[in-house]
Amino acid sequence: MTLRVTVLGFSGSYAAPGGACSGYLVESGEARFWVDCGAGTLANLQVHLDLNDLDAIFVSHHHPDHFAELPIVYNTFKWYLHRSNVPVYAPASVRDMADMITGNPTADVFEWHVMGDGDRIVVADTEIWFARTEHTIENLATRYSVAGQTLVYTGDTGPGWDMAAFAGGADFLIGEATMLARQEDPDIPHISSRQLGERAAQAGVGRLLPTHIMPGNDPAEHVLEAAEAFGGTTELPMIGKRFEV
Ligand SMILES: [Zn+2]
């Protein structure tokens, strides 16, 4: 196995009925990563993974729809599983926010790694790059590579970020597509499915998964719109769905 990803939640801002906010389980041959801890994703993560087997957590930014389960899983590790040194890779503000919400320093459970734009790390068999996008706070997109296979996750971004440069040649792109084209608004720090599809085409990615869908919108409509702009295989996000990269 090289890389595969399981959808734990893909709603933007708040969860649609029966849904969950942003979160993905990324698995390589040697490691299991929880990528974004959006509200509702901890329950879904445990459907697929024993939390004792989680190797690291990546958080794009501290907006609650990407972060809210981090102070919760702290409880799990501290009081139930008695795990410490759980690596968390995130912008500095994520650590500050986790410490504030739990009411104490979380370093007794989490091994913090503050990441920034342009950083690159290696965890087990996986090489990971970080890039800051355009958002209201520091959001880091991540790029995971194992044995020549590459997955990119944008987190949140406005239209001003050069997504194509960071995602260039990726096999699989999980991109934010909060709105439909008819809902585009320059005052909203997000992009539409149409805008995501255009960027995926520029980047020459293999397959595209539109996510961070605004509750009330039909994900299938997002897929159709993204596919038209992308011109390549565009997958429908569903909780529990697993993709081989
Ligand atoms: Zn955000």
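Since this is a predicted model, take the numbers as computed values, not measurements. Atoms within a ligand are numbered from 1 in the order they appear, just like the ligands themselves.
A distance-only check finds a donor-acceptor pair linking the side chain of Asn139 to the backbone of Asp156 [under 3.5 Å]. Side chain of Trp79 to main chain of Leu81: no donor-acceptor pair is present (N/O by atom type, distance under 3.5 Å, no hydrogens or angles). Between the side chain of Glu225 and the backbone N or O of Ala181 there is at least one donor-acceptor pair closer than 3.5 Å.
Checked against the 6.0 Å centroid threshold, Tyr144 and Phe58 count as a close aromatic pair.
Within the 2.8 Å limit, His190 places no N, O or S atom next to the Zn ion (ligand 1). The Zn ion (ligand 1) has an N, O or S atom of Asp156 inside 2.8 Å of it. Residue His66 does not count as close to the Zn ion (ligand 1), with no N, O or S atom under 2.8 Å.
As for His63, its N/O/S atom nearest the Zn ion (ligand 1) is the one called ND1. Taking the Zn ion (ligand 1) as reference, the nearest N/O/S atom within His135 carries the name NE2.
His212 and Asp65 share a side-chain donor-acceptor pair at under 3.5 Å.
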